Amino acid sequence: MPRTDEAEAFFHAAYTAIQEIPYGKVTSYGHIAKLIGTPQRPRQVGVCLKHLSSDTTHNFHNGNVPWQRVINSKGMISPRGHPSGAANQARVLRGEGVTVNSGSLGELLVDFSEYGWFPRQLPSEEAAGLTPHIDSDEE
DNA sequence: GCTTTGACGGGCA
DNA sequence: ATGCCCGCCAAAG
C-alpha cells in the first residue's frame, strides 16, 4: 500500500476510475490518468494495478477492480516481465467477450474502435457533481 | 537512504 | 512506420 497520503488518494482515484469501465470494454492507462486529473502519470496507474492483491479484506482487490480492462495506448496488453501475466489478462478479457488478437511476438492486441471506452469524464463524477456545470451567470 | 525499475505515453530522430 | 528518449514518481533493490 501507498506510504504517503497523496499516493493513497491517487490509488483510490485510480481504482475507482477503473471500476467504471464497463464489462466487455477496455481503456488505456493514460486515459485513466486523465480521468483522475493526472494526465502525466499513466505509469502510476500501472503501479496501482500491480499492487492489487487478491486479499478481499482490502477495500480494493483484483476481484473488485477490473484490472484486465486496462491496456496500453497501443491497444495491447502490456507485457510485464513475466509473459504469463499478459496471457492471463488476455484469457480473462476473452472471457468477457473481447476479441484479443495475437501479434507476431505474442503481443495481445485489442481493437479500441470496437472495445475502447474513452468517456470524457467518469459517470460517477457527473453524478457527484464534481464537474462544474454552468448553472447561472458564468459560462 | 540512494539508485534503478517499470502493468505508460508522447515527441522526435 | 520503427525506435529511442525523456518525463513521472512509487516500489523494489
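Note that these values count all heavy atoms, side chains included, but never hydrogens, waters or copies made by symmetry. Owing to the predicted nature of the structure, the values given are computational and were not obtained by experimental measurement. Chain naming here is simple, since letters A, B, ... match the order of the sequence lines and numbering starts at 1 in each.
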Student: Using atom NE2 of A/His51 as one end and atom C1' of C/dC9 as the other, report the distance to the nearest whole Å.
Tutor: 12 Å
Student: Regarding A/Pro79, tell me which of base, sugar-phosphate or nothing describes its non-hydrogen contacts under 4.0 Å with the strands shown.
Tutor: sugar-phosphate
Student: I need the CD1-P distance between A/Ile77 and B/dG6, as an integer number of Å.
Tutor: 19 Å
Student: Compute whether any side-chain donor of one residue and acceptor of the other, for A/Ser54 and A/Asn62, lie under 3.5 angstrom apart.
Tutor: no
Student: From CZ of A/Arg41 over to P of C/dA10, roughly how many Å is that when rounded to an integer?
Tutor: 7 Å
Student: Ignoring backbone atoms, establish whether A/Ser73 has a side-chain N or O less than 4.0 Å from OP1 or OP2 of B/dG9.
Tutor: yes
Student: Atom CZ of A/Arg43 and atom C1' of C/dA10: how far apart are they, to the nearest Å?
Tutor: 11 Å
Student: Just call it for A/Ser28: base, sugar-phosphate, or nothing, with non-hydrogen atoms closer than 4.0 Å on any strand.
Tutor: sugar-phosphate
Student: Applying a 4.0 Å non-hydrogen cut-off, can you work out what A/Gln40 is touching in the nucleic acid: base, sugar-phosphate, or nothing?
Tutor: sugar-phosphate
Student: Rounded off to whole Å, could you give me the CD1-to-C1' distance for the A/Ile36 and C/dC9 pair?
Tutor: 13 Å
Student: In whole angstrom, what separates A/Ile21's CD1 from B/dA7's C1'?
Tutor: 13 Å
Student: Look at A/Lys25 together with A/Glu96 and state whether they make a salt bridge at an N to O cut-off of under 4.0 Å.
Tutor: no
Student: Find the distance A/Leu49:CG to B/dC8:C1' and express it as a whole number of Å.
Tutor: 12 Å
Student: Roughly, in whole Å, what's the span from CZ in A/Phe118 to C1' in B/dG9?
Tutor: 13 Å
Student: Is A/Gln19 reaching over with its side chain to a backbone N or O of A/Asn64, donor-acceptor style, under 3.5 angstrom?
Tutor: yes
Student: Parallel, tilted or perpendicular: which fits the ring planes of A/Phe11 and A/Tyr15, with parallel below 30° and perpendicular above 60°?
Tutor: perpendicular
